[in-house]
Amino acid sequence: MNSTTHIDSPAAARAGTRLESLYADLCARGLKINMTRGVPSTEQLALAKRFLSLPGGSAFASRDGSDWRNYGGLQGMPEVRELFADKLLGLPADGVAIGENSSLALMHEAFGHAFLRGVPGGARPWSGESVVKFICPVPGYDRHFSICDEFRVEMLPVAMLATGPDMDAVERLVASDPAIKGIWCVPKYSNPSGATYDADTVRRLAAMPTAAPDFRIFWDNAYAVHHLGEDEIANQDIAGLCAAAGHANRPFVFASTSKIVLPGAGLAFFGSSPENLAWWLERRKYRTIGPDKVNQLRHLEFFGDADGLMAHMRLQRAILAPKFDCVGAAFADSFTADDGASWTRPAGGYFISLDVAPGTARRTVELAQRAGIALTPAGATHPGGRDPEDRNIRISPTYVDLETLASASRGAALCAQLALAERA
């Protein structure tokens with residue numbers, strides 16, 4: 001990958017002037033495009049129209065005899081756990097609990113329980129430690145970093161590779177420092193790169209020695225069924241591998257249906273070992289007498305079974321895949337070899353990771369903002385919002401229509417080229 005290009009010739013100067021002219025034309029178009037977050041499009045939401053009229057039957061008795069409309073069912077109804085457990089979490093139904101709509105909220109809750117009460121295998125609550133550290137693969141998910149900020153956890157960035165986090169660095173860190181209590185992982189179609197952890201990475205995460213006996217993998221399987229191609233990558237068996245390595249309590253697995261049906265009306269899931277699940281439910285009983293089982297029934301009636309879930313996700317794919325192709329084509333047409341740019345071509349998920357020339361990401365986002373194209377802030381993919389190379393930008397293709405997306409992608413590339421030219 002090329003480093004910064006310097007404009008040190010008349011031809012290069014003319015190229016800079018041309019970019020400025022093109023940028024002025026871009027600004028004159030009066031664009032108002034928001035690509036800051038991975039938000040489902042109107043077309044995706046329309047796929048769940050029938051969802052809003054459910055549950056539609058008059059039978060509210062669960063298989064175990066309980067009433068979907070009443071209190072109880074802290075772990076979630078068995079039929080619904082069976083529907084989602086394997087596809088979303090790669091776990092058996094009895095290893096899963098159902099929460100409200102947000103998996104991020106459950107991650108925040110898990111942190112709170114760990115700090116207030118500790119986790120199985122720990123000597124004390126995390127709040128009793130002088131310092132708590134977490135490993136954060138970068139580029140990564142800004143909301144994970146925000147949770148660490150909320151609990152004043154020190155974040156240790158580790159490079160995210162095409163196969164997952166740099167495991168040599170991870171193993172070195174966790175082996176010697178008992179203050180490192182966990183690692184954030186988006187193992188499948190990772191945010192923002194779209195990378196999927198390979199088998200060796202998952203095996204090493206499960207088996208690695210850790211100085212902290214209460215080390216946890218926060219396994220955020222947010223994009224488990226968000227495939228962009230016909231090759232539907234299976235979930236990795238993190239729980240089984242951890243158990244086989246003697247670390248059954250190591251993984252906390254999270255998922256939700258928020259990007260599958262409707263973001264405010266989904267279901268969130270926590271899954272883990274029997275001991276961890278008992279710990280989770282013991283903590284949860286103090287905050288609720290039972291989750292929204294009517295929404296669980298709505299999901300069951302909408303999907304029917306796991307095959308119905310996957311059929312729905314193929315409808316999602318038909319909407320999303322052309323958008324990812326559109327961004328890739330626009331970048332390929334716009335960037336040249338001298339621009340020092342590269343981008344990912346994910347097989348699933350919600351994002352594309354764009355690397356521009358070092359030292360130009362913030363300026364690229366600023367120029368795009370002025371032109372009416374709102375991008376995710378540069379640095380958001382790193383702890384503290386500080387990308388040491390100032391080069392990574394998360395691209396969110398999902399919300400806008402194809403024509404707008406093509407214009408926005410070409411415009412973002414132009415802004416990156418101009419930001420590079422300005423540094424000459």
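Everything numeric in this text was worked out from a predicted model, so none of it was measured.
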Enumerate donor-acceptor pairs with a distance under 3.5 Å from any side-chain N or O in residues 164-171 to protein atoms, sequence neighbours excluded.
| unit_1 | atom_1 | unit_2 | atom_2 | d |
| --- | --- | --- | --- | --- |
| D166 | OD1 | D168 | N | 3.2 |
| D166 | OD1 | A169 | N | 3.4 |
| D168 | OD1 | R204 | NH2 | 2.7 |
| E171 | OE1 | R204 | NH2 | 2.7 |
| E171 | OE2 | R204 | NE | 2.9 |

Side-chain donor/acceptor pairs under 3.5 Å, residues 87-95, sequence neighbours excluded:
none

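Here the CE-OG1 distance, from M160 to T381, works out to 12.0 Å after rounding to the nearest 0.5 Å. In this structure, E154 CD and K181 NZ are separated by 13.5 Å, a value rounded to the nearest 0.5 Å. In this structure, NE2 on H226 lies 9.5 Å from OG1 on T398, to the nearest 0.5 angstrom. With rounding to the nearest 0.5 angstrom, the SG atom of C185 is 7.5 Å from the CD1 atom of I238. Once rounded to the nearest 0.5 Å, the distance linking CD of Q44 with CG of L262 reads 11.0 Å. Separating the SG atom in C242 from the CG atom in L205 is a distance of 8.0 Å, to the nearest 0.5 Å.
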Assess the residue pair N221 and K188 against the criterion (side chain to side chain donor-acceptor pair (under 3.5 Å)); give the C-alpha distance rounded to whole Å, side-chain angles, the decisive distance to 0.1 Å, and a yes or no. CA-CA 6 Å; N221 215 13; K188 194 171 175 184; 5.7 Å; no
I would like to know whether Y141 and H144 meet ring pair (Phe, Tyr, Trp, His ring centres under 6.0 Å); could you show each step before the answer? CA-CA 6 Å; Y141 182 28; H144 291 163; 4.8 Å; yes
Please test K133 against D177 for salt bridge (charged side-chain N to carboxylate O under 4.0 Å, His left out), starting from the C-alpha separation and ending with a verdict. CA-CA 9 Å; K133 304 176 185 178; D177 190 348; 2.7 Å; yes
Might you work through the side-chain contact (heavy atoms from CB on, under 4.5 Å) test for V225 and Q316, ending with a clear yes or no? CA-CA 10 Å; V225 292; Q316 294 263 9; over 6 Å; no
Checking E109 against R283 for the salt bridge (charged side-chain N to carboxylate O under 4.0 Å, His left out) test, could you report, in this order, the C-alpha distance in whole Å, the side-chain angles of both residues, the deciding distance, and whether it holds? CA-CA 10 Å; E109 188 174 324; R283 305 275 72 78; over 6 Å; no
Apply the test side chain to side chain donor-acceptor pair (under 3.5 Å) to residues S146 and D149: give CA-CA distance (whole Å), side-chain angles for both, the deciding distance (0.1 Å), then the verdict. CA-CA 5 Å; S146 296; D149 283 333; 5.2 Å; no
Quick one, N249 with W279, criterion side chain to side chain donor-acceptor pair (under 3.5 Å). Give me CA distance, side-chain angles, the key distance, then yes/no. CA-CA 11 Å; N249 289 338; W279 165 85; over 6 Å; no
Going through the distances and angles, do I98 and Q75 end up as a side-chain contact (heavy atoms from CB on, under 4.5 Å)? CA-CA 6 Å; I98 305 176; Q75 187 174 350; over 6 Å; no
Hey, mind stepping through L300 and Q296 against side-chain contact (heavy atoms from CB on, under 4.5 Å) and telling me if it holds? CA-CA 6 Å; L300 184 62; Q296 294 180 32; over 6 Å; no
Start with the C-alpha gap between R370 and E366, add the side-chain angles, then the distance that decides, and say whether salt bridge (charged side-chain N to carboxylate O under 4.0 Å, His left out) holds. CA-CA 6 Å; R370 289 182 183 177; E366 179 184 344; 2.8 Å; yes
Salt bridge (charged side-chain N to carboxylate O under 4.0 Å, His left out) between K293 and E100: does it pass, once the steps are laid out? CA-CA 10 Å; K293 297 186 297 300; E100 294 75 39; over 6 Å; no
Please test N191 against Y223 for side-chain contact (heavy atoms from CB on, under 4.5 Å), starting from the C-alpha separation and ending with a verdict. CA-CA 9 Å; N191 179 351; Y223 310 107; 3.6 Å; yes
Given F351 and Y189, is the ring pair (Phe, Tyr, Trp, His ring centres under 6.0 Å) satisfied, shown in steps? CA-CA 9 Å; F351 304 101; Y189 312 139; over 10 Å; no
List the steps and the verdict of side chain to side chain donor-acceptor pair (under 3.5 Å) for S41 and E43. CA-CA 5 Å; S41 66; E43 292 80 8; 3.3 Å; yes
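For the residue pair A248 and S273, the shortest heavy atom distance occurs at O-CB, 3.3 Å. Of all non-hydrogen atoms in A224 and N235, the two that sit nearest each other are CB-OD1, 3.7 Å. The minimum heavy-atom distance linking G99 with P291 is given by the pair O-CB, 4.4 Å.
Counting heavy atoms from C-beta outward, V119 and R216 have side chains that approach closer than 4.5 Å. Residues L267 and N295 have side chains in contact (heavy-atom distance under 4.5 Å, counting atoms from C-beta outward). Between K323 and L402, the closest side-chain pair of non-hydrogen atoms falls below 4.5 Å. Contact of the V158 side chain with the V138 side chain is not registered, since no non-hydrogen atoms from C-beta on lie closer than 4.5 Å. Between H247 and M208 there is no side-chain heavy-atom pair separated by less than 4.5 Å. Within the 4.5 Å cutoff, side-chain heavy atoms of P40 are placed close to those of L45.
Using cut-offs of 30° and 60° for the angle between ring planes, the F151 and H108 rings count as tilted. In this structure, F269 and F84 have tilted ring planes: the angle between them lies in the 30° to 60° band. Between F111 and W184, the angle of the ring planes stays under 30°, which puts this pair in the parallel group of the 30/60° scheme.
Counted within 6.0 Å of CZ on R117, heavy atoms from surrounding residues, nucleotides or ligands total 12 or fewer; the atom is thus considered open. In the displayed structure, R287 atom CZ is contacted under 6.0 Å by more than 12 heavy atoms of other residues, nucleotides or ligands.
Checked by atom type and distance alone, the side chain of S190 never pairs as donor or acceptor with a backbone atom of P192 at under 3.5 Å. Looking only at distances, a side-chain donor or acceptor of E79 sits under 3.5 Å from a matching main-chain atom of R63.
Ion pairing between E232 and R314 holds under the 4.0 Å rule for side-chain N and carboxylate O.
A cation-pi arrangement, defined by a distance under 6.0 Å to the six-membered ring centre and an angle within 45 degrees of its axis, is present between K259 and Y350. For R298 and F51, the positive end sits near the middle of the six-membered ring, less than 6.0 Å away and at most 45° from its axis.
Between W280 and F270, the ring center distance clears the sub-6.0 Å criterion. The aromatic ring centroids of F303 and H312 lie less than 6.0 Å from each other. No close placement of the F145 and H382 rings is indicated, their centers lying 6.0 Å or farther apart.
Judged purely by distance below 3.5 Å, without hydrogens or angles, the side chains of T336 and D338 never pair a donor atom with an acceptor atom. Between D387 and N392, the side chains place no donor N or O within less than 3.5 Å of an acceptor N or O (distance only, hydrogens not considered).
Only one option out of L54, T257, L297 pairs with F302 in a side-chain contact (heavy atoms from CB on, under 4.5 Å); it is L54.
Remark: W343 pairs with F331, F335 by the ring pair (Phe, Tyr, Trp, His ring centres under 6.0 Å) rule, at least two apart or across chains.
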